[in-house]
There are 2 protein chains.
Amino acid sequence: MYQRKIPIDYNCGLGIAMEVIGSKWKFCILDAVSKGIQRPKDLAQAINGITRRVLHQQVGELEMHGILGKTIYTEVPLRVEYHLTATGKTLLPLIEALNTWGLEFSPHLRAILEGGSSVKALQTEEAIM
Amino acid sequence: MYQRKIPIDYNCGLGIAMEVIGSKWKFCILDAVSKGIQRPKDLAQAINGITRRVLHQQVGELEMHGILGKTIYTEVPLRVEYHLTATGKTLLPLIEALNTWGLEFSPHLRAILEGGSSVKALQTEEAIM
DNA sequence: TCAGTCAGTGATAAATTTATCACTATGGCG
DNA sequence: CGCCATAGTGATAAATTTATCACTGACTGA
């Protein structure tokens with residue numbers, strides 16, 4: 001794994017949370033696992049846009065951080081399943097809340113980024129006094 | 001601002017949320033602003049480790065996304081204040097929750113990353129069946 | 001004029017995260 | 001053996017985010 005050069009601030013809860021779950025795919029992975037999708041192959045199919053390589057990287061970090069657990073069944077063909085640990089389960093409400101917020105905010109972001117001339121309500125509030 | 005090459009998925013709430021608040025400093029900035037620290041200079045002092053340049057970048061994005069509003073007082077010396085918009089305020093509970101979670105998780109992360117030989121409870125659960 | 005405060009910008013480098021592509025390894029099965 | 005499916009790794013490039021450093025600009029007051 002990548003060896004950090006800038007140290008983590010263990011006193012900033014937000015920083016810690018970001019370190020553990022703040023990446024492009026981790027939320028999605030946890031969400032999928034919580035819904036019963038447990039095998040790498042299925043995860044890769046279920047999560048739109050992720051590649052096997054990246055999935056492994058992210059899952060590996062989640063496992064290392066104690067958010068996901070891994071079970072290897074020595075069947076043929078090989079079967080591997082990931083599951084949320086107790087710690088991992090404490091994240092679910094946060095994920096759900098963030099997802100909900102994001103979906104609500106989505107149209108605004110789209111309007112802002114795509115030069116929405118229609119939606120102006122939430123646009124930059126800038127005032128000169 | 002940086003021009004994305006990989007497009008955003010507007011259907012993934014988590015992705016949207018990450019786009020808007022998922023960065024090293026944004027949470028901290030919002031937290032500070034919500035506590036009444038509103039001027040750039042004060043924010044730069046209050047947030048440990050951030051530089052003026054980066055602060056401006058991040059604040060600018062938050063403003064563009066409609067999370068922060070900006071008021072310019074044409075006094076001397078110039079005074080600028082940022083404040084949470086209505087949308088921004090909807091983020092506060094999430095920030096609080098993430099911060100709390102992070103602080104609770106902090107010791108585990110530290111133990112894991114710093115080769116903790118003492119704390120083993122939450123370590124990788126890997127089983128072979 | 002010169003230093004001092006405050007807010008901000010431009011160019012660029014460094015750090016970090018994600019993505020690509022080509023591989024290895026195990027075992028079943030025709 | 002050759003080919004399938006599964007899970008995984010190594011090397012490296014590309015994308016993205018953060019950091020550095022030197023600036024501009026407006027204004028005050030000595």
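All of these numbers come straight from a predicted model, not from anything done at the bench. Every chain is numbered from 1, with letters handed out A, B, ... down the list of sequences. Just so you know, these numbers use all the heavy atoms, side chains as well, and skip hydrogens, waters and symmetry mates.
Across its full length, the helix from C/dT1-D/dA30 to C/dG30-D/dC1 shows an angle of 20° between the axes of its 5 terminal pairs at either end, rounded to 10 degrees.
A straight line from CD of B/Glu61 to P of D/dT17 spans 7 Å, rounded to a whole angstrom. A/Tyr2 has its OH atom 11 Å from the C1' atom of D/dT18, to the nearest Å. As a whole-Å value, the separation of A/Ile50 CD1 from D/dG8 P is 13 Å. Distance CZ (B/Arg79) to P (C/dG8): 13 Å, rounded to an integer number of Å. The distance from atom CD of B/Glu81 to atom P of C/dA7 is 10 Å, rounded to the nearest whole Å. When the C1' atom of C/dA14 is taken as reference, atom CD of B/Gln57 falls 13 Å away, rounded to whole Å. Regarding B/His56, its NE2 atom lies at a distance of 15 Å from the P atom of D/dA19, rounded to whole Å. Whole-Å rounding puts the A/Leu55 CG to C/dT18 C1' distance at 13 Å.
Using a 4.0 Å heavy-atom criterion, one finds that B/Gln58 contacts the sugar-phosphate atoms exclusively. If you check every strand for non-hydrogen atoms under 4.0 Å, B/Arg4 touches sugar and phosphate atoms only. Nucleic acid contact class of B/Val80 (heavy atoms, under 4.0 Å, all strands): sugar-phosphate only.
Within residues 13-32 of chain A, the residues that have a heavy atom under 4.0 Å from DNA chain C are, in order of number, A/Ser23, A/Lys24, A/Trp25.
Checked against A/Ser23 for a side-chain hydrogen bond (donor to acceptor under 3.5 Å, both in side chains), the options A/Gln58, A/Gln57, A/Glu61 give a single hit: A/Gln58.
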- Note on the structure: Its contact letters, B for base, S for sugar-phosphate only and - for none at protein heavy atoms under 4.0 Å, make nucleotides 22-30 of chain C read -----SS--
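Under a hydrophobic-cluster definition in which Ile, Leu, Val, Met, Phe, Trp and Tyr are linked whenever side-chain heavy atoms come within less than 4.5 Å, directly or via other members, A/Ile50 and A/Val80 are assigned to the same cluster. A/Val76 and A/Leu78 fall into different hydrophobic clusters, where Ile, Leu, Val, Met, Phe, Trp and Tyr residues are linked whenever their side-chain heavy atoms come under 4.5 Å apart, directly or through other members.
When the nearest nucleotides of DNA chain D are assigned to A/Arg39 and B/Ile6 by heavy-atom distance, the more 5′-ward of the two goes with A/Arg39.
For the OP1/OP2 pair of C/dA13 and a distance below 4.0 Å, the side-chain nitrogens and oxygens of A/Lys5 include no atom meeting the criterion.
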